[in-house]
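Below is one structure, written out as structure tokens; the observations come after it.
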Amino acid sequence: MSEVSKEYNFSQVEEKWVQSWDSSIYHFDWDSKKPQYIIDTPPPYPTGDFHIGNALNWCYIDYVARYKRMRGYNVMFPQGWDCHGLPTEVKVEQLNHITKNQVSREEFRRLCEKLTFEAIDRFHLSMGRLGLSIDWSNEYVTMKPEYYVKTQTSFVRMYQNGQIYRANHPVNWCPRCGTAIAFAEVEYDSRTTTLNYMRFSAQDGEMQIATSRPELLPACVAVAVNPDDGRYRKYIGKKVTVPIFNYEVPVLADPVVDTSFGTGIVMICTFGDRQDVRWWMEHHLPLRQAIDRGGLLTAIAGPYAGLDVTQAKNRITQDMINEGIIFKQEPLEQNVGLCWRCKTPIEILSELQWFVKINSEEIKKTAEEIDWVPPHMQVRLKNWADSVEWDWCISRQRIFATPIPVWYCRACGQVLVAREEWLPLDPNQTQPSEKCKCGSIDFVPEQDVLDTWMDSSISALAVAGWPNRKDIRMPTQLRPQGHDIIRTWAFYTILRTKSLEGVKPWDTILVNGMALGEDGHKMSKSLNNFIRPEEVFLTNGADALRQWGAMGGSPGNDIMFQWKEITAASRFQQKLWSIYRFSLPLIAKVDAVPGQVDRWLLGELDSLIMKATSAMDAFQFDETMKAIRGFAWEVLADNYIELVKARLYGPDGPEKRAAQNTLYTALETLSKLMAPFTPFISEEIHHTLTGKSVHVQSWPMPSGTPVDPAGLAIKEIAAALRRYKAEKGMALNSPLPGIVVYSDQALETIDLIGVANSQVDSRTGSPLIEMKPIAIRPQMKIIGPRFKDKSGKIIKALSAMDPVLVAGQKANGSIAVPVDGEIIEVPAEAAEIVVESLSAGEAVDVLRLEKATVLVRR
RNA sequence: AGGCAUAUGGUCGAGUGGUAUAAGACACCUGUUUUACAAAUAGGAAAUCAGUGGUUCGAAUCCACUUAUGCCUACCA
């Protein structure tokens, strides 16, 4: 055997295996007869860094993938890249000092692709270094035609099924960027604005209305009051006149109106905010669009047309003050919706856009068919589904995204959606190969592109072989993701999979928490609590980081990054390495009959395997790792190895071989159990022992060896003797004058003699020591359910009885307890007797253990 | 403002109805060099389980309310 270094050199070992592993063992086999286990891996947005949060997500996936592989599944752990999106466009503009309109669409797209490919390369490096068992034969890149043909196909099919339509609909609009944006792209900032009190003239008098956006006055389509508000009841159903613009709008009643805000009367405009949209739809109000795509006021704003929002606000406010229409102003703390990119206040405009129909009920129903880990995460999806008010706007006014495969006939305006067999295509570069119904061949291409979620929401379908394979592998088995994107990625994926194939996308969704910094806040550069995985790779290695991911917390809970966890992980690896270093020259894989102590260890190993298996099946990685650490450290190192050292160092013989073989088995099994968590050190150990890779091995099965009670007793005696010596201030290897152990079993003494460095006599039975009952422990579990509300009194009375008397009665099967002058018979199990041993006057120390009594001569 | 979650020793964190030892880790204190490991080992101190009320024979555990924190969503005409 080669030299094993005293210290575990994680970087040498990890780098070695990163270099030499054959990644083809992780490839999914489309022809396999094994049960499939397909993971719908999140496709990250590659512009950015691979941070600790990513690392955590991918660790979770890798634990599962490796475990399932070892359990005999045909596992697919694919990796995709969600490329399209605004951040990349912005970055390209910054890096090249251009705006996207200064170069052609094709050129701009090319620049975005280049940046994205570079970013993907960086991710590849980090992911490899983390030891992820990704199946790179199933990699997908959403910006490549091979992938976006699927996005376009899904668009065409959903259009044909009537699930996609084009319509005028309110959208969030950034006037500066000139594009519709999703709710997720709106951020809020609190600002102080002005609340203006205005007079509207009504048929019977005057209505006073407060608004922070007087410039939307020409977009006013109604005013609303609360039906329960006695002040304004008389106006309901009547008309009022909009000042300055002089047209009449109805007065509506709506319970949502807050009677205590402002005057209790609301001006409904198209559109000031989301509530306006709700009212507009609910009450079927007309549309008066006062702001255009550029953020300028339209012709209906009369004298204010052509002004931008701020100018218009100032002018109209001043005019109304001058005319006495505004009679009061007060400051208002208000959260304003901003474009997250350019911080321009957004407007809600009605635009001709493409939409996907949202059927919340169907999504909720499908969500119920999926196993949520942890279960309460499903509630988040349901709440979101219930709060969705508009259909999903999927068109974006951008460049770097999947093109919408649609043209419009210049002659008659007819919409022409591409045929599936024409895809992939960009309508800006390709003309349709058929005429319009009107006979024209002159088409205008759709310039809008698809929302990025249209790409990523078919990830499950894409990895399962949709749409080309005859045997689409739906549903997939697992969706791992963070809880921050339940409302988007999970929601849209369920929607699309159900729409396109009528099935749920996954059997199980595993939701992991967010990675928090050491200060307990979400990791961010601005808080300076940001840790890069590379930092940990350098200081403690990937295995240590992976252990943190497993130990840090249970699924769904946020997990704090802590260096001390990393340190603890490293220490464990060092401990394991020490065990390995000690064992390697001594162990052997030989046939041998295990002794009592060996059978104890093998029994403990069995229960570790069973514990680890059930915890892994429930995605309880923390439980699994904890059990492994506990076994390796306390059971194996502190007890078993100490016990069998004498045998291992001793002459060859059946006893030595038994220890050699048992230790070998324990190490080999440990390397397998740890392989999903710490692939590097596990591989190093396993490979040295067997010459094979641990990552193609099967998950260990219990050998069926029960814990040998005699072996357990020996282990406890050894621990007691160690404690005894420590308390006496003796060196642990100093001999004792003589030891006699009493037990029900005939205990083997070979290991005890070695570990105590003393003569040991083993006898069956008990020593001549008087055992005196001194206390009674009532058993709540027995008494409670049987005696209910009397339990309290019985316990009190029982505890007060003479322990000697109770011990005698217990031996006879039942105990008579006097309660309130009445005798109640309680079963023998209702009381445990505490006994004290009285020394027989010999010069011995008595160590009383559960399964044995040890006399140590002084 | 709404939804969901969380609250356990100095710190982190298991435990989800059953005994007066509430796991473990880190930190702290004390002993010990024992032919793998002092980043070890043997031991110790340290928690009225956020508060109040309730259900129960019995509550860290279930329920209600309160307080604090986190996340998600919304934000005001």
**Side-chain N,O (A:Trp633) to OP1/OP2 (B:U41) below 4.0 Å** = yes

**Asked** Between A:Asp276 and A:Tyr580, which is nearer to the 5' end of RNA chain B once each is assigned its nearest nucleotide?
**Response** A:Tyr580

**Message:** Counting only side-chain nitrogens and oxygens, does A:Lys645 get under 4.0 Å of the OP1 or OP2 atom of B:C37?
**Reply:** no

**Request:** To the nearest Å, give me how far apart CH2 (A:Trp563) and P (B:A27) are.
**Result:** 16 Å

**Asked** Under the 3.5 Å rule, do the base of B:A40 and the side chain of A:Gln574 count as making a donor-acceptor pair?
**Response** no

**Item:** Base-pairing mate for B:G53 - Watson-Crick or G-U, with both contacts under 3.5 Å
**Value:** B:C63

**Prompt:** Considering every strand shown, what is the Watson-Crick or G-U wobble mate of B:U41 when both distances are under 3.5 Å?
**Reply:** B:G31

**Asked** Which nucleotide, in any strand shown, forms a Watson-Crick or G-U wobble pair with B:A25, with both distances under 3.5 Å?
**Response** B:U11

**Fill in**
Nearest heavy-atom contact between A:Tyr8 and A:Gln573 is CE2-NE2, 3.7 Å

**Prompt:** Thinking salt bridges, do A:Asp273 and A:Arg213 make one under a 4.0 Å N-O criterion?
**Reply:** no

**B:C26 OP1/OP2 closer than 4.0 Å to side-chain N/O of A:Arg571** = yes

**Prompt:** Hey, is the side chain of A:Arg722 poking within less than 4.0 Å of OP1 or OP2 on B:A42, counting only N and O atoms?
**Reply:** yes

**Asked** When the distance from CG of A:Asn196 to C1' of B:C76 is rounded to whole Å, what number comes out?
**Response** 15 Å

**Message:** Between A:Arg380 and B:C4, is there a contact of a side-chain N or O with OP1 or OP2 at under 4.0 Å?
**Reply:** no

